[in-house]
Amino acid sequence: MEISVVLADGSERKVPSGFTVSQLATMIGKKLGADSVAAKINGILRDLDTVLGNGDQVQIITRNSDQGREVLRHSTAHVLAQAVTDLWPNTHYAIGPSIADGFYYDFELPDGQHFSDDDLTRIEARMREIVREDQTFARSEYSISEGLDLFAGQPFKLEIIETVANQAAEPEEEDLNEGVEVGSISVYRNSSGFIDLCRGPHVSSTLMLGSFKLMRVAGAYWRGNERRPQLQRIYGTAWESDKALKEHLVRLEEAEKRDHRRIGLELDLFHFPPEIGGGLPVFHPKGALIRSIMEDYSKREHRKAGYEFAWTPHIAKSTLFEISGHLGWYKAGMYPPMEMEGATYYPKPMNCPMHILIYKSKGRSYKELPLRLFEFGTVYRFERSGVLHGLARVRGLTQDDSHIFCSPDQLASELSRLLRFILSMLKTFGLSEFEAELATRPEKSVGEDYEWEYATSALEYALKESGIAYTVANGEGAFYAPKIDVHLKDAIGRRWQVSTLQVDLQMPQRFDMEFVDSDNTRKRPYMIHRALFGSVERFFAILLEHYAGALPVWLSPVQVAVLPVRDDHGEYANDVVNELKRSDSRVDYMAADEPLGSRIRKAKIEKVPYILVVGDADVAGKTVGVNARGSNDPERGVPLAEFIKRISPELNGQPLGDIVD
RNA sequence: GCCCGGGUAGCUCAGUCGGUAGAGCAGCUCACUCGUAAUGAGCAGGUCAGGAGUUCAAAUCUCCUCUCGGGCUCCA
């Protein structure tokens, strides 16, 4: 008896009935057989030992594909759980999915024990034994009640099974995590007897695993809920080969070298004095210089784009935040209050209420709209100590914040103009890969449906106009506003959230804002909140990591270093310095009091874009030797005037041009 | 806030079995004046995060506090 299956390329293949996926793969090619870890049969992921049926569409999943790695990682997570339950009998094991680059597994050790870092070594050793034991993963299906018996004593597994059982009543719901087909569960059993609740698929033998490494132990709440028990999570990484694993570890090292906290220290840009308090950075001269270049540039472009500047204080009386509603719904994110002369003051967590007061300082006419207020506004937010992370997550941050007040019919064009402005500005900082997210009305929210629809469709219009790729995040909006969040990808592919753009449906009402329209009626303006960098501090961190500290010339605190070969070249070197200063560049003079090689090394470590070396030949010929960043091949005898001409386009950020409506 | 791991010179780190502290880099001084990523010598630098306890004796062992890192939750 033969059956026929359809392969991924559309070709048909006849195989004996009873043939498994694995046999098919080996029949197609020896290497494919060896590299296969699972298959998609009629669109569903299945194990290698699945018996093929007549007419099945089969796509073999190999270990070096994204889906193949997921299978490897998931299977490695099972081996981890098996190793832990071997070493700590009676451990409760919870869930162990594959994640980007690896996997984790959550455990609750008996008697309140906790893993230490040393345990990782022991666990990893046990895992390697299990791998060598050539244990098979065998799938079987059970009813809910059988499942409850099978996992008696495993509270987390029982909870998952119960969830599955409840979903049987509501078949609409997609099943979670490890639960399987509605109404029944599937279980994988290793040859040692270890069982785990799992949807699969898995590799057929532990011998197919091995290129893995346990990375760290962390705490994690059961089902992500901080009111549920805290489990011990072990993170690991796993790959299709030792080579791929090694490459991943090298990438991690590279990422670590780009860590903005490390670069900030090395380049003397900023630090976090414990005397000031967690999450409160101080910027050293070079860091402050970079910041001010960013801010000056931003201000210039905002002015050109029709923004007016505002300046507002850092604290305000509680009444302001009562009106704005912050004390109602954002209090947990605010610094504690201060009492003074019978009034209660709070550091501001956002700038919007103060900008609204500027709007409200007088009657507004439709002729003034859109009114675009802009401020580098420093706000203070209480972030729990565990979440602080360098400049990317701080307690005092400066937003490049703006609030735009416009009439309803201006909303769509204003949003679209704004989004183009944001993307152009991000591009001049050398960031070019963006994705946007349109976050729509959440369940818990205020306002009328028609308002939400109007605002959301205006946001969507702006997204379409700008051409940016976007996804819709249903129900992820703020409770008072739908929003667009712009994410960007940095040089090594990490995603960061930067800009945010929100249409506020609440504040104009809370503050009873209005304007007089052309028909002499009073109307309520629309209000857009928007931050472009997000926070200057975070954006600074992103730039440092994106460029690994080697900022573009226009942002570099020192753009050119001038090094005389000997002391007696100092006079000419000084002329060079002065000439460069006249061309508006930032120059450092490095006197010949230590060897040239040593000074060059220092300048290279400081990531100075251009190192100019001047010696006898240069004094004679009015030239410079140019050692550019990123090159180890210096150029000799470049006329000074030519060098200045060459770098002048790099000295200032590119203007955005007109952002027209 | 919670779980795990750290905190020794400005930075990176060593410090064995409990016996009062060590290196490299950076800094300072002197010499060297040099053509593209480390010239040499010398000097200085420490309440071993802080406090309490155990001990004849604590960087080292115990407890508490602070703080930093990795996660969870949260978020610009």
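Note on naming: letters A, B, ... go to the chains in the order of the sequence lines (proteins, then strands), and numbering restarts at 1 for each one.
Distance check on atom C1': U60(B) versus G22(B) gives 15 Å, rounded to whole Å. Nucleotides U16(B) and A21(B) place their P atoms 13 Å apart, quoted to the nearest Å. One C1' atom belongs to U39(B), the other to C32(B), and the distance between them is 7 Å to the nearest Å. When the P atom is compared between G24(B) and U67(B), the two are found 34 Å apart, to the nearest whole Å. If you take atom C1' in U65(B) and the same atom in G7(B), they sit 14 Å apart, rounded to whole Å. Comparing G19(B) with U62(B), their P atoms sit 15 Å apart, to the nearest whole Å. Across the P atoms, C56(B) and G18(B) are found 15 Å apart, a figure rounded to whole Å. For the C1' atoms, the distance linking C13(B) with G6(B) amounts to 13 Å, nearest Å.
Using a 4.0 Å heavy-atom criterion, one finds that A617(A) contacts the bases of the nucleic acid, with or without backbone contacts as well. Residue G534(A) is classed as a sugar-phosphate contact, given heavy-atom separations below 4.0 Å to backbone atoms only. Using a 4.0 Å heavy-atom cutoff across all strands shown, R599(A) reaches no nucleic acid atom at all.
Listed nucleotides U36(B), C74(B), A37(B) differ in distance to N627(A); the shortest reach to its side chain belongs to U36(B). Among G35(B), C34(B), C72(B), the nucleotide with an atom closest to any side-chain atom of R566(A) is C34(B). Among the nucleotides C2(B), A76(B), G35(B), the one closest to any side-chain atom of R538(A) is A76(B). Comparing U39(B), C74(B), A76(B) against the side chain of K483(A) picks out A76(B) as the nearest. Which of G70(B), C72(B), G35(B) sits closest to the side chain of Y235(A) comes down to C72(B). Here the nucleotide nearest the side chain of R384(A), chosen from G71(B), G35(B), U73(B), is U73(B). Of all nucleotides listed (C34(B), G35(B), C74(B)), G35(B) comes nearest to the side chain of D616(A). Which of G35(B), G71(B), G1(B) sits closest to the side chain of L596(A) comes down to G35(B). Distance from the side chain of Q232(A) is smallest for C4(B) among the nucleotides C4(B), C2(B), U36(B).
OP1 and OP2 of G10(B) both lie 4.0 Å or more from every side-chain N or O belonging to H271(A). Neither OP1 nor OP2 of C68(B) sits under 4.0 Å from any side-chain N or O of R262(A). Look at S385(A) and you'll find a side-chain N or O under 4.0 angstrom from OP1 or OP2 of G1(B).
For D618(A) and G35(B), a side-chain-to-base donor-acceptor distance below 3.5 Å is present, hydrogens and geometry of angles not being considered. On a pure distance criterion of 3.5 Å, no polar donor-acceptor pair joins the side chain of R233(A) and the base of C4(B). A donor-acceptor contact under 3.5 Å is formed by the side chain of E383(A) with the base of A76(B). Taking 3.5 Å as the limit, the base of G71(B) and the side chain of Y221(A) contain no donor-acceptor pair of atoms between them. For U36(B), the base has no donor-acceptor partner in the side chain of R601(A) [N/O atoms by modelled type, under 3.5 angstrom].
In this structure, a donor-acceptor pair under 3.5 Å is present between the side chains of T623(A) and D618(A). No hydrogens or angles considered: nothing links the side chains of Y307(A) and E375(A) as a donor-acceptor pair under 3.5 Å. For E108(A) and T91(A), the side-chain atoms include no donor-acceptor pair closer than 3.5 Å. When only modelled atom types and interatomic distance are considered, Y480(A) and Q502(A) share a side-chain donor-acceptor pair under 3.5 Å. Of the N and O atoms on the side chains of Y221(A) and R223(A), not one donor lies less than 3.5 Å from an acceptor on the other residue.
Of the two residues contacting RNA chain B, namely G279(A) and G625(A), the nearest-nucleotide position lying further toward the 5' end is that of G625(A). In terms of position on RNA chain B, the residue among R216(A) and K604(A) whose nearest nucleotide sits closer to the 5' end is K604(A).
To the nearest angstrom, P of C72(B) lies 12 Å from NE2 of H389(A).
Annotation: side chain of R538(A) is in contact with side chain of R393(A) (closest heavy-atom distance under 4.5 Å).
Annotation for H74(A) and G96(A): closest pair CD2-O, 3.5 Å, computed over non-hydrogen atoms.
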